[in-house]
J.: 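Below you'll find the structure I mean.
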Amino acid sequence: MSSTPTTARRSPMAAPRSFVWSRRIFLTLLTGFVLLPVYVMLSSSLKPLQDVSGEFRWLPSGLTIRPYIDIWSTVPLAKYFVNSLIVAGAATVLSVVIAIFAAYGVSRYRFRGKRLFTVTVLSTQMFPGILFLLPLFLIYVNIGNSTGIALFGSRLGLILTYLTFSLPFSIWMLIGYFESVPRDLDEAAMVDGCGPLGALFRVVVPAAVPGIVAVAVYAFMTAWGEVLFASVMTNDTTRTLAVGLQGYATQNDVYWNQVMAASLVVSVPVVAGFLLLQRYLVAGLTAGAVK
């Protein structure tokens, strides 16, 4: 008794083959478009200066790690690195802590001007950053002249500057995250003897960890890569990495291989932090969207 071969039937819900192949081609091109600059940076950072300054070659004729050694002596990169860590870390911690208390108050209590406060916080993101450059400069200079507190050219002044940008957005994001946490959990915690702060730190904050991590990553990246205010509000002692990279360009030459090497070194903390916190970050970006 002969049996006839049966062909597998495609599910009616399966995507057409043309769509599948179009998606593969598009994703391949998109991946190449994203990775191409990284390859150029990596290959250029491993070339001698004369090879980088000459005609571009996709495959380097010779490789050297000398640029990764010279970046620390051409400019005081280690000092800029420490300044960036202090400024970005302090701005992140302050932004997250203040945003937690502000967002909890807005999401859990009713008070006069609540809607005006939330609209004002959100509307601050509509203005370009350069609009605040001159006012902040004048404020810092006047405070220094009248009180002796040197905000202009200091790390503290730069930290306060970054708070003006990261804090409103952090508050607005955490309000959505905290509102997604059921109020019944707060009430149950208070029945068990917790006060408002106890309910916040024992119930709401643990439930909103992904959202808090997303806010922290946003605040850190905003401070880590900012150039405009760092170039005006700092001096040779408090200069950060984003501005310090300009030191590889002199009047006579531009050390392109060291620029590429330093750029890769600068991006390591951000990339490492993203990989370590990716699970929380992806969950935090969507946690406050569904209530």
Side-chain angles (χ1 to χ4, degrees), residues 71-72 75-104 121 124-125 129 132-133 136 139-140 143 149-174 177-178 200-201 205-206 208-247 261-285 287:
I71 58 176
W72 305 100
V75 300
L77 191 65
K79 181 174 68 175
Y80 299 157
F81 204 94
V82 172
N83 290 335
S84 292
L85 283 178
I86 294 175
V87 171
T92 300
V93 171
L94 291 175
S95 180
V96 170
V97 171
I98 298 174
I100 286 175
F101 286 103
Y104 181 73
V121 167
T124 57
Q125 303 299 307
F132 302 96
L133 181 60
L136 286 175
I139 291 173
Y140 288 174
I143 290 177
I149 301 176
L151 294 178
F152 178 74
S154 66
R155 295 170 181 169
L156 177 60
L158 197 59
I159 292 171
L160 295 177
T161 301
Y162 291 154
L163 280 178
T164 61
F165 299 103
S166 61
L167 187 57
F169 187 74
S170 300
I171 294 174
W172 180 70
M173 289 185 67
L174 286 184
Y177 297 137
F178 287 172
L200 170 62
F201 288 107
V205 169
V209 166
I212 295 174
V213 171
V215 168
V217 171
Y218 166 79
F220 184 85
M221 293 182 63
T222 300
W224 185 262
E226 202 278 328
V227 177
L228 176 63
F229 287 88
S231 61
V232 177
M233 299 291 185
T234 59
N235 50 33
D236 294 337
T237 304
T238 59
R239 190 164 295 161
T240 59
L241 282 172
V243 182
L245 292 179
Q246 300 177 5
S263 299
L264 291 174
V265 171
V266 167
S267 62
V268 167
V270 177
V271 175
F274 177 81
L275 293 177
L276 291 174
L277 302 174
Q278 183 180 9
R279 178 168 61 93
Y280 296 101
L281 183 62
V282 173
L285 292 176

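Predicted, not measured: the structure shown is a model, and the values here were computed from it.
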J.: Checking Y140 side chain against G157 main chain: does a donor-acceptor pair fall under 3.5 Å?
T.: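 Yes.
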
J.: Which residues pass the ring-ring contact (aromatic ring centres under 6.0 Å, His included) test with F169, not counting sequence neighbours?
T.: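 Testing F169 for ring-ring contact (aromatic ring centres under 6.0 Å, His included), a comparison that skips the adjacent residues, returns W172, Y218.
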
J.: Ignoring hydrogens, what is the shortest heavy-atom contact between A88 and A223? Give both atom names and the distance.
T.: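 Distance-wise, the nearest heavy atoms are CA-CB, 3.7 Å.
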
J.: Quick one, I100 and F178 - any side-chain contact, counting heavy atoms below 4.5 Å?
T.: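 With C-beta onward as the side chain, the pair touches.
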
J.: Looking at CZ of F152 and CD1 of I143, how far apart are the two atoms once the value is rounded to the nearest 0.5 Å?
T.: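 Here the interatomic distance stands at 13.0 Å.
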
J.: Search all heavy atoms of G153 against all heavy atoms of T238 and return the closest pair with its distance.
T.: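 Heavy-atom minimum between the residues: O-OG1, 3.1 Å.
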
J.: Could you measure the distance from the CG atom of L158 to the OG1 atom of T234? Nearest 0.5 Å is fine.
T.: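 Between atom CG of L158 and atom OG1 of T234 there are 6.5 Å.
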
J.: Ring centres of W224 and Y80 under 6.0 Å apart?
T.: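 Ring-ring flag for W224/Y80: false, centres at least 6.0 Å apart.
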
J.: Go through the side-chain N and O atoms of R239 and N83 and say whether any donor and acceptor fall under 3.5 Å apart.
T.: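 Note: R239 and N83 side chains miss the donor-acceptor criterion.
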
J.: Which atoms form the tightest heavy-atom contact between L245 and S263, and what is the distance?
T.: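 It is CD1-OG, 4.2 Å.
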
J.: Counting C-beta onward and ignoring hydrogens, is there a side-chain heavy-atom pair between V215 and I171 closer than 4.5 Å?
T.: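 No. Closest side-chain heavy atoms not under 4.5 Å.
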
J.: Looking at OG1 of T222 and CG of L167, how far apart are the two atoms once the value is rounded to the nearest 0.5 Å?
T.: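 Between atom OG1 of T222 and atom CG of L167 there are 12.0 Å.
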
J.: Taking the six-membered ring for Trp, are F101 and F201 ring centroids under 6.0 Å apart?
T.: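 Yes, the ring centres sit under 6.0 Å apart.
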
J.: With a 3.5 Å distance limit and no angle check, can you tell me whether S84 reaches the backbone of F81 through a side-chain donor-acceptor pair?
T.: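 Between the backbone of F81 and the side chain of S84 there is no qualifying donor-acceptor contact (under 3.5 Å).
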
J.: Say you draw a straight line from CD of E226 to CE of M233; how long is it, rounded to the nearest 0.5 Å?
T.: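 Answer rounded to 0.5 Å: 9.5 Å.
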
J.: Heavy atoms only: give me the nearest V243-S231 pair and the separation to one decimal.
T.: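 Closest approach of V243 to S231, heavy atoms only: CG2-N, 3.5 Å.
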
J.: Supply the atom-to-atom distance T240 OG1 to F229 CZ, rounded to the nearest 0.5 angstrom.
T.: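 One finds 13.0 Å between OG1 of T240 and CZ of F229.
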
J.: Which residue is it: S95, S170, P168? I am looking for the one with a side-chain contact (heavy atoms from CB on, under 4.5 Å) to L163.
T.: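 Of the listed residues S95, S170, P168, the side-chain contact (heavy atoms from CB on, under 4.5 Å) partner of L163 is S95.
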
J.: Atom CD1 of I139 and atom OG1 of T161: how far apart are they, to the nearest 0.5 Å?
T.: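 Taking CD1 in I139 and OG1 in T161, the distance rounds to 9.5 Å.
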
J.: Quick one: closest heavy-atom pair of I71 and A261, and the distance?
T.: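 Distance-wise, the nearest heavy atoms are CG2-CB, 4.0 Å.
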
J.: Which atom pair, heavy atoms only, marks the closest approach of Y177 to A214?
T.: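 Looking at all heavy atoms of both residues, the shortest contact is OH-CB, 4.3 Å.
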
